[in-house]
Amino acid sequence: MNKRINAVLVLLIAVLIGWYAVSPKTPFVQGLDLASGIHLTYRADTTDSEPSEIKERMLSLRDVIERRVNIFGVSEPIVQIETGLGEDGQDEHRIIVELPGVTDVDEAVAQIGKTPELEFKLGLVSTSTIPVDTENQENATTSLGLVYVPSGLSGKDIIKSQLQFNSGAAGNETGVLVTFSEEGKEKLTKITSENIGVVMGIFLDGQVISAPVIREAITDGNAVISGTFTTDEARSLNRDLNFGALPFSVELIGSQSIGPSLGVDTWERSVKALGFGLLVVSLYMIAWYRKNGIVAAICLLIYAAVVLALFKLVPVTLTAAGIAGFILSLGMAVDANVLIFERIKDERKSGASPKDAITHGFSRAWPSIRDGNLTSIISAFILYWFSGTSLVKGFALVFLIGIIVSMFTAITISRILARALPEGKTKNA
Amino acid sequence: MWILKQRKYFYALSAVLLIASIASIWIWGLKPSIEFTGGSIIETRYATENMPTQDQLSDDLANAGFEGFSIRQADGNAFIVRTKNLTAEERQEITTVLSREGSFVERFNIVGPTLGKELIRKATTAGILVVLAVVLYVAYAFRKVSKPVSSWIYGVVTIATLAFDVLIPTGVFAVLGHFAGVEVDSLFITAILVILGYSINDTIVVFDRVRENLDRSKENKSGETFEHLVGRSLNETFVRSLNTSGTTLAALVILYFMGSSATQLFSLALGIGVIAGTFSSLFLAAPMLVNIDKVPDTKTPDTKK
């Protein structure tokens, strides 16, 4: 009786898992070849940098590019740092940009590759207190209730910036010390002496990154920006000021764009193949192993549900290759069932009772299942760690999950189900 | 057992297939995709009314100053143009040259040369590692089996079957590359690596059974010849091997016909690999054990005959 209850419980849980797996409310994460979009690979020219600086600068580069990418308003863009091996055997530092749903590669490339603008603008509370002539008014930007007007000072005038730790009146402060060029120094002197108490907005690519108040005239070309900064904020600002230009020049070394109809078509075909794959493999098992085959087919469906649910949970980014890997693992998943059934048949032939045959069948088949799948697991691991493209990585991950889950379902689920079947008569072969 | 009895024929068949594959690879080589060579590939889909001919496109491209390109027709009113690495202006230009009213670009991939070389390097490393891992694994799993064929023979036979399993699909793709312009991409490499890991399963199944029967006959002291024992092991595992490969093959066939075009060649390579793997495990690996057993100096001492 217990066996029946176990089996029913398992089936119920499986249905729940299956529901989660196929419900459209919890979507799968789709890779570019399914969702369509653009994948760009940039190489950063790090030849002029000290190796110790590279990591920090790459982070800066990543931030700058991500800021620009966000202008597209793309949902879930991906901007990542990647290290590869260049032709000369040196490390090659790359930035990967993925923009799902975007179709215009040229516009994306132009937006990302343009020279950034670092500008210092004066923030005016209202246009009535300080006269603003028509020329300035055209260039004005508004932010947080202030109208910003270009001051003529820009990133070109900065030589460098660095962090500065003060014990100021308010205790320990972190500030940023900015050093300006000769021309910058002159401009700065004029601007600060004329605008004490005015907000100076620092704009990077059109966005305010900091808005300190001018406290005094600065005549030596060294400005300290301080205030209520956390150390992290100061660090960010320092980084941006220093590397307001792209810290490295970048070169596009690879791009992929998948059009929307191709993406949808790929997805639909893959899903269809998956459904039919499940069907065909199940029918094969039923045709060959009859009653036990039905157990195998149910086991297979449960397996599929669990794996799909895992894809949503982790989440695993699905690609066409990934789904192919899943379909492949469907065919391989039943291997374990075949092994078990053949063993059970052997046991029955040597005269064991149906119950014993099942028990021994499972336990004697397990070493073979484990060993047989081991080599596939090893090659999946190696594929994952050594893969070049995310395409292969996606496949390897799916394959790996598929094999491991299949071992689990074969041993536990099908045993529970097989035990619950009505026992046949003991007979000799 | 019939496989063992007829093994000469199976050896002959294998030899023919191997020679044919190696010859194809030697003469024609494989056609690498731009992932390896670098370059650009553009797939443009056209509206049926405005579909150009391949020659028209070819002329247009040549007139625009593009050289060294290849055009291939794809299903669904599309043409795939493959050319070298393009600059930004060239990208724009080629898109314009190729477009017609109602056409749009399905995909446009550009791969720079460094990425290509890196991929080759990574693929080679992965391949070597997998082969190493598999051989070490077999050597370890069968380390205690020393009679009548010493344990490292199992490893050697494994390597031989692995070579077979990899050469046959590669040979097929060399033929396809030459006659149908089929390209070898990173998915092909993936397929080979999967075959390496998967096809060993069948071989291990047979070897496992041989080992088990060897253990049992040691207890029974049945005096069974090695050849007979291997034959019996084959008989016992034949159906199982066919079925496990059968289900995998069924899934791959579905993938080939119903899946997306991106994975069609992938499923083809895997399918050939699975067939080759099953063949080599049943019809090559086991008979080879018997033949090696019959060679005097591979026997471990104190074997009865």
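So you know, we letter chains A, B, ... as the sequences are listed, proteins then strands, and number each from 1.
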Undergrad: Tell me which of these, A/Ser379, A/Gly254, A/Ser257, has more heavy-atom pairs under 4.5 Å with chain B than the rest.
TA: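 If we count pairs closer than 4.5 Å to chain B, A/Ser257 comes out on top.
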Undergrad: Heavy-atom pairs under 4.5 Å with chain A are the metric here; pick the option from B/Ala251, B/Ser199, B/Ser245 that has the most.
TA: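 The option with the most such pairs is B/Ala251.
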Undergrad: In residues 259-270 of chain B, what donor-acceptor pairs under 3.5 Å come from side-chain atoms, sequence neighbours left out?
TA:
residue	atom	partner	partner atom	Å
B/Ser260	OG	B/Ala262	N	3.4
B/Thr263	OG1	B/Ser260	O	3.2
B/Gln264	NE2	B/Tyr256	O	3.1
B/Ser267	OG	B/Thr263	O	3.3
B/Ser267	OG	B/Gln264	O	2.8

Undergrad: Can you tell me how far CG of A/Asp335 sits from CZ of B/Arg240, rounded to the nearest 0.5 angstrom?
TA: 6.5 Å
Undergrad: Given a strict heavy-atom distance threshold of 4.5 Å, which part of B/Ile192 is in contact with chain A: side chain, backbone, both, or neither?
TA: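 No part of B/Ile192 comes within 4.5 Å of chain A.
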Undergrad: How many angstroms lie between atom CZ of A/Arg269 and atom CE of B/Met258, to the nearest 0.5 angstrom?
TA: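 With rounding to 0.5 Å, CZ (A/Arg269) is 8.0 Å from CE (B/Met258).
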Undergrad: Flag the pair B/Glu236 and A/Lys349 as a salt bridge only when some basic side-chain nitrogen lies within less than 4.0 angstrom of an acidic carboxylate oxygen.
TA: no
Undergrad: Mind checking whether A/Ile258 and B/Glu106 have side chains closer than 4.5 Å, heavy atoms only?
TA: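 No - every pair of side-chain heavy atoms lies 4.5 Å or more apart.
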Undergrad: Just give me the residue among A/Asp33, A/Leu374, A/Leu330 that pairs up with chain B most often, heavy atom to heavy atom, under 4.5 Å.
TA: A/Leu374
Undergrad: Heavy-atom pairs under 4.5 Å with chain B are the metric here; pick the option from A/Ser255, A/Ser376, A/Ala320 that has the most.
TA: A/Ser255
Undergrad: Roughly how far apart are B/Thr190 OG1 and A/Phe399 CZ, rounded to 0.5 Å?
TA: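 If I round to the nearest 0.5 Å, the distance is 10.5 Å.
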Undergrad: At a heavy-atom distance under 4.5 Å, which candidate from A/Ala380, A/Ser270, A/Gly331 has the highest pair count against chain B?
TA: A/Gly331
Undergrad: What distance do B/Lys122 atom NZ and A/Leu383 atom CG have between them, rounded to the nearest 0.5 Å?
TA: 12.5 Å
Undergrad: Below 4.5 Å from any heavy atom of chain A, which atoms of B/Leu252 appear? Answer side chain, backbone, both or neither.
TA: side chain
Undergrad: Is there side-chain contact between A/Met332 and B/Tyr198, with at least one heavy-atom pair below 4.5 Å?
TA: yes
Undergrad: What residue among B/Val253, B/Ile254, B/Leu255 forms side chain to side chain contact (heavy atoms under 4.5 Å, CB included) with A/Phe276?
TA: B/Ile254
Undergrad: As an exercise: rank A/Leu328, A/Leu274, A/Thr319, A/Ile378 by heavy-atom pairs under 4.5 Å with chain B and give me the winner.
TA: A/Leu328
Undergrad: Show your working on side-chain contact (heavy atoms from CB on, under 4.5 Å) between B/Phe108 and A/Ile38 and close with a plain yes or no.
TA: CA-CA 9 Å; B/Phe108 197 147; A/Ile38 300 177; over 6 Å; no
Undergrad: Less than 4.5 Å to any heavy atom of chain B: does that hold for the side chain of A/Phe326, its backbone, both, or neither?
TA: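 It is neither, since no heavy atom gets under 4.5 Å.
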Undergrad: Report the residues that fulfil side-chain contact (heavy atoms from CB on, under 4.5 Å) with B/Ala123, sequence neighbours left out, ordered by chain and then residue number.
TA: B/Ile189
Undergrad: Could you grab the distance from atom CD1 of B/Ile110 to atom CG of A/Leu252, nearest 0.5 Å is fine?
TA: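 Nearest 0.5 Å value for the CD1-CG distance: 7.0 Å.
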Undergrad: Shorter than 4.5 Å, heavy atoms on both sides: which option in A/Ala396, A/Ala336, A/Ser36, A/Gly277 has the most such pairs with chain B?
TA: A/Gly277
Undergrad: Roughly how far, to the nearest 0.5 Å, is the CZ atom of A/Phe395 from the CG atom of B/Leu187?
TA: 8.0 Å
